[in-house]
Protein chains: 2
Amino acid sequence: MNQRVFKALADPTRRAILKRLRSGSCTAGELGTLFPIRGASLSYHFNILKGAELVRTERRGMHIVYSLNTTVMEEVATVLMEMFGQSTDEGES
Amino acid sequence: MNQRVFKALADPTRRAILKRLRSGSCTAGELGTLFPIRGASLSYHFNILKGAELVRTERRGMHIVYSLNTTVMEEVATVLMEMFGQSTDEGES
DNA sequence: TAACTATTTAGGGTTTTATCTAATTACCTG
DNA sequence: CAGGTAATTAGATAAAACCCTAAATAGTTA
């Protein structure tokens, strides 16, 4: 889990994308219909999510399918828990 | 837990402040010695952390003591777990 | 009250972020 | 191959973030 994860989670549109992906993989176009921004802007957000390894992509014919990388999300939650749950004096990755 | 928490966590200086506070409360001045930025900039970060309710302050004489609000941190971790751990189709606050 | 210390606020400059339109790439199909 | 659809990249712009210096505020102490 890298530094970029926190930046990626800071934007509400990106969190909404992640939330949507939770209920199943989705093409870029489908996601585009859910938000009031242009495809190019979505693409910008996808790149940030990919950089944080929060999503994965796979081309399927004419479409590109996005899916959630739940592993990294769980890591984030775990790290936060370790950092702030109780003082074990450790917790940085 | 509000929207601002994610923004607050997005900055490395603020995460370092939180991490430091984990080992105990601290005055603004003490925290200032730990980072290569001016007091005014620290104050800016403190305001963001306070807005996110991640820290609490208490004036003690001439100093202002900062302490961690671990409750909110745990909430964040929990929300992330709920959102991305497994698909229970719920998890928004 | 005057001088001193700790911290915040105000105002400004630079960098980064989020969005847009237009152009491009990648694939599919007739 | 030519035309069409899906998605990304390029370039521009407005807003937000972060940092600084200087000034203001709040409390302490002689």
Side-chain angles (χ1 to χ4, degrees), chain A residues 1-21 23-69 72 76, chain B residues 1-21 23-69 72 76:
Chain A
M1 185 203 107
N2 69 66
Q3 173 89 273
R4 290 173 223 172
V5 172
F6 290 107
K7 287 272 186 194
L9 290 173
D11 183 84
T13 297
R14 289 193 291 268
R15 288 199 304 277
I17 291 170
L18 292 172
K19 191 178 179 195
R20 167 60 189 80
L21 288 178
S23 62
S25 299
C26 212
T27 69
E30 284 174 312
L31 285 167
T33 65
L34 302 173
F35 302 96
I37 59 177
R38 298 291 177 179
S41 302
L42 256 308
S43 225
Y44 161 78
H45 288 302
F46 292 153
N47 271 329
I48 290 171
L49 291 169
K50 277 193 282 189
E53 296 183 277
L54 286 164
V55 301
R56 300 221 195 75
T57 62
E58 172 199 358
R59 182 173 269 280
R60 197 171 299 172
M62 208 143 64
H63 297 274
I64 292 181
V65 177
Y66 280 83
S67 52
L68 201 58
N69 182 354
V72 172
V76 179
Chain B
M1 186 202 105
N2 69 65
Q3 173 88 274
R4 290 173 222 171
V5 170
F6 291 107
K7 287 273 186 194
L9 290 173
D11 183 84
T13 297
R14 289 192 292 268
R15 288 198 304 275
I17 291 171
L18 292 172
K19 192 179 178 193
R20 167 59 188 80
L21 288 178
S23 62
S25 299
C26 213
T27 69
E30 285 175 312
L31 284 168
T33 66
L34 301 174
F35 302 97
I37 60 177
R38 299 291 179 179
S41 302
L42 256 309
S43 224
Y44 161 77
H45 288 302
F46 292 152
N47 271 330
I48 290 171
L49 291 170
K50 276 192 283 188
E53 296 183 276
L54 286 165
V55 301
R56 299 221 196 76
T57 62
E58 171 199 357
R59 181 172 271 277
R60 197 172 299 172
M62 208 143 65
H63 296 273
I64 291 181
V65 178
Y66 280 84
S67 53
L68 201 59
N69 182 355
V72 172
V76 180

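Just so it is clear, the model here is predicted, and its values are computed rather than measured.
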So which one's nearest nucleotide on DNA chain C is more toward 5', G39(B) or R60(A)? G39(B)

As an exercise, state the distance from [atom1] of [X] to [atom2] of [Y], rounded to the nearest 0.5 Å.
X: R4(A); Y: K50(A); atom1: CZ; atom2: NZ; answer: 13.0 Å
X: I64(B); Y: R59(B); atom1: CD1; atom2: CZ; answer: 4.0 Å
X: L49(A); Y: R14(A); atom1: CG; atom2: CZ; answer: 6.5 Å

Which whole-number value in Å describes the distance from [X] [atom1] to [N] [atom2]?
X: I48(A); N: dT19(C); atom1: CD1; atom2: C1'; answer: 12 Å
X: I17(B); N: dC18(D); atom1: CD1; atom2: P; answer: 11 Å
X: D11(A); N: dT16(C); atom1: CG; atom2: C1'; answer: 13 Å
X: L49(B); N: dA17(D); atom1: CG; atom2: C1'; answer: 14 Å
X: F46(B); N: dC19(D); atom1: CZ; atom2: C1'; answer: 15 Å
X: M62(B); N: dT7(C); atom1: CE; atom2: P; answer: 9 Å

So which nucleotide from [options] ends up closest to the side chain of [X]?
X: R38(A); options: dG27(D), dT9(C), dT21(C); value: dT21(C)
X: A40(B); options: dA22(D), dA7(D), dC19(D); value: dA22(D)
X: T13(B); options: dC20(C), dC19(D), dG27(D); value: dC19(D)

Has R20(A) got more than 12 heavy atoms of other residues, nucleotides or ligands less than 6.0 Å from its CZ? yes

Look at all strands and tell whether A28(A) reaches a base, only sugar-phosphate, or nothing, counting heavy atoms closer than 4.0 Å. sugar-phosphate

Look at all strands and tell whether F35(A) reaches a base, only sugar-phosphate, or nothing, counting heavy atoms closer than 4.0 Å. nothing

